[in-house]
Amino acid sequence: MLTVLAYSMVVVFMFLIMTKRLPALVALIIVPIAFGLIGGFGKELGPMMLTGIKNLAPTGVMLMFAILYFGVMIDAGLFDPAVRRIIRLVDGDPMKIVVGTAALAMVVSLDGDGATTYMITVSAMLPLYKRLGMSRLVLACVIMLAGGVFNILPWGGPTARAASALGVEVSDIFVPMIPSMIVAVGWVLFVAYILGKKERKRLGAVSLPAEAHAGATANVTVLQPPAASEAVAGQRDGTTGRWTAYAGATEPQAKVIPVQVRQQEAKPAVTDLASAPGGGMESEVTASDPGIARPRLIWVNFLLTVVLLGLLIMGALPLPVLFMIFFAIAAMINYPKLEQQKERLAAHAANVLPVVSLIFAAGIFVGILQGTKMVDAIATSVIAAVPAWMGPYLAIVTGFLSIPFTFFISNDAFYFGVVPILAKAAAVYGISAAEIGRAAIIGQPVHLLSPLVASTYLLVGMSEVEFGDHQRYTLIWSITAALVMLLASLVFGVIPFVGHIH
């Protein structure tokens with residue numbers, strides 16, 4: 001009964017958010033409560049939900065102040081040089097931008113923290129996606145794929161959990177997986193290339209002049225949609241593709257340069273802004289609003305961010321406390337007046353509220369899932385469903401099981417509750433605990449799409465996409481990344497095709 005209830009709850013939840021019957025916030029609260037009542041846990045639901053909320057409260061606080069901190073940094077113009085540099089490198093080519101996004105996410109993912117990867121990569125790349133009208137679903141997808149592959153780093157969490165649960169060295173699991181990880185990295189870059197080509201075909205490309213004409217006057221360029229009739233200052237919705245004019249923008253302004261993209265046959269046209277009206281001026285694309293930017297404080301903000309990330313990596317203070325302190329410092333330095341600080345808080349409230357509310361709603365979902373022992377019922381049912389003839393293939397079976405398991409239940413429940421049982425059964429066939437551990441981390445690219453992963457709400461919130469849309473768009477690519485890693489592991493021999501009875 002409990003097993004059926006557990007599966008039903010997860011299926012109903014996924015159905016409701018992926019078909020947009022309910023927003024994720026409402027579904028995370030209503031669905032588990034309804035199934036908890038059906039299961040007869042009415043009197044116990046209150047403490048379960050409160051426990052789940054308490055467990056996720058530090059994460060909610062951290063994400064709230066992290067969004068505020070990086071929001072202030074974007075407003076102050078910290079990422080403007082990076083955006084301009086990226087634009088020059090990619091030359092307005094959506095394909096290069098998407099591949100560059102994946103590469104940047106991989107570099108940042110080396111610290112092993114998903115939230116940091118999302119905050120830095122989205123902060124640097126989102127303004128560029130908005131300016132060019134690129135899909136923000138693509139942005140969220142490639143960042144998550146990169147983070148999922150790098151999540152198997154020893155300091156990322158899953159590998160250490162698997163090693164602890166199986167009583168083996170972390171190096172015994174991770175080091176043999178390095179070749180497979182490299183193959184998966186190549187696959188993620190290939191996926192980014194494919195998605196970038198689609199964006200290039202949809203949008204065309206905009207070539208930005210590398211150098212200004214001598215004696216030109218600098219001005220800010222607002223990139224326009226590829227149609228003369230839409231030459232009004234604004235931006236394209238990356239999810240719907242619709243063009244939205246900025247408030248008060250009813251006709252082209254003096255500092256707005258229309259960009260027209262003409263499609264010729266199957267090849268996207270490239271338009272040089274220098275040849276557009278006003279192209280004799282230096283065009284400067286920024287992530288911030290010139291009215292609130294603080295270009296003179298860019299090195300102060302850079303050093304402040306470096307110190308923050310350094311303390312974060314060192315673990316000097318809890319993450320919520322770190323971001324609270326550094327947000328307060330950043331606000332005082334960049335916007336010392338009370339009214340300025342109030343304006344910045346109000347400006348970012350729309351980004352903070354959806355993310356933090358989802359975190360606390362997820363606390364109810366997780367609290368009931370664990371408190372009712374539904375998570376244990378799911379694990380037990382799957383293990384019992386593995387037939388005896390699959391015994392020699394338990395390494396491969398573990399790799400496949402890690403994909404849905406790490407999606408439907410938490411990493412802790414999988415690695416400490418399921419993997420040791422699989423390892424004990426596999427030992428009969430000469431499959432070592434380390435080999436099972438390697439197979440168990442295969443599903444991490446899919447794990448990050450789980451509604452149980454708090455940092456995922458940060459990614460969709462900062463990328464300004466719906467959670468259900470993100471899942472639908474990214475799921476197939478995440479599964480392929482996991483399968484490529486599994487196939488590579490089998491080819492390299494770090495996971496055996498078949499065991500043998502001693």
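Hydrogens, waters and symmetry mates are skipped; everything else that's a heavy atom, side chains included, is used.
- Although no hydrogens or angles enter the test, the distance criterion places a donor-acceptor pair under 3.5 Å between the side chain of Y457 and the main chain of P451.
- Side-chain atoms of S478 do not come within 3.5 Å of backbone N or O of V446 as any donor-acceptor pair.
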Test side-chain contact (heavy atoms from CB on, under 4.5 Å) applied to V460 and E466, step by step: CA-CA 6 Å; V460 298; E466 290 294 328; over 6 Å; no

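- Judged by distance alone, the side chains of D75 and N334 never bring a donor and an acceptor atom under 3.5 Å apart.
- Between E343 atom CD and L345 atom CG the span is 10.5 Å, to the nearest 0.5 Å.
- A donor-acceptor distance shorter than 3.5 angstrom exists from the side chain of T159 to the backbone of I152, with no hydrogens or angles considered.
- For Y118 and T456, the side-chain atoms include no donor-acceptor pair closer than 3.5 Å.
- For M324, the CE atom is loosely surrounded, since the number of other residues' heavy atoms within 6.0 Å does not exceed 12.
- Counting heavy atoms from C-beta on, the side chains of E199 and M95 never come closer than 4.5 Å.
- At least one side-chain heavy atom of V98 sits less than 4.5 Å from a side-chain heavy atom of M134.
- Heavy atoms from other residues, nucleotides or ligands lying under 6.0 Å from CZ of F492 number more than 12.
- Checked by atom type and distance alone, the side chain of R438 never pairs as donor or acceptor with a backbone atom of I495 at under 3.5 Å.
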From CA spacing to verdict: side-chain hydrogen bond (donor to acceptor under 3.5 Å, both in side chains), S135, Y473: CA-CA 11 Å; S135 171; Y473 188 87; 5.4 Å; no

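- Residues I442 and S489 are in side-chain contact: their nearest non-hydrogen atoms beyond the backbone lie under 4.5 Å apart.
- Without hydrogens or angle criteria, H447 side chain to T406 main chain gives a donor-acceptor distance under 3.5 Å.
- Residues I298 and R294 have side chains not in contact (no heavy-atom distance under 4.5 Å, counting atoms from C-beta outward).
- You'll find the side chain of W477 stays beyond 4.5 Å of the side chain of V188, heavy atoms only.
- For OH of Y393, the number of neighbouring non-hydrogen atoms (other residues, nucleotides, ligands) closer than 6.0 Å is 12 at most.
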side-chain contact (heavy atoms from CB on, under 4.5 Å) assessment of K130 paired with E464: CA-CA 11 Å; K130 283 185 171 182; E464 301 174 12; 2.9 Å; yes

L308 vs L304, side-chain contact (heavy atoms from CB on, under 4.5 Å): CA-CA, chis, key distance, verdict: CA-CA 6 Å; L308 168 62; L304 189 65; over 6 Å; no

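- Put simply, the side chain of N301 gets close to the backbone of L297: a donor and an acceptor are under 3.5 Å apart.
- Using a 4.5 Å heavy-atom threshold, the side chains of R136 and L126 count as touching.
- Counting heavy atoms of neighbouring residues, nucleotides and ligands inside a 6.0 Å radius, atom CZ of F400 does not exceed 12 of them.
- Taking the six-membered ring for Trp and thresholds of 30 and 60 degrees, F326 and Y69 have ring planes more than 60 degrees apart, a perpendicular arrangement.
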Worked check of ring pair (Phe, Tyr, Trp, His ring centres under 6.0 Å) between F13 and F365: CA-CA 10 Å; F13 170 76; F365 188 93; 4.9 Å; yes

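- Ring geometry for Y193 versus F190: interplanar angle under 30°, hence parallel rather than tilted (30 to 60°).
- E435 places no side-chain N or O within 3.5 Å of a backbone atom of V494 that could act as its donor or acceptor partner.
- A heavy-atom distance below 4.5 Å is not found between the side chains of R472 and L137.
- V72 is not listed as a side-chain neighbour of L68, based on a closest heavy-atom distance of 4.5 Å or more.
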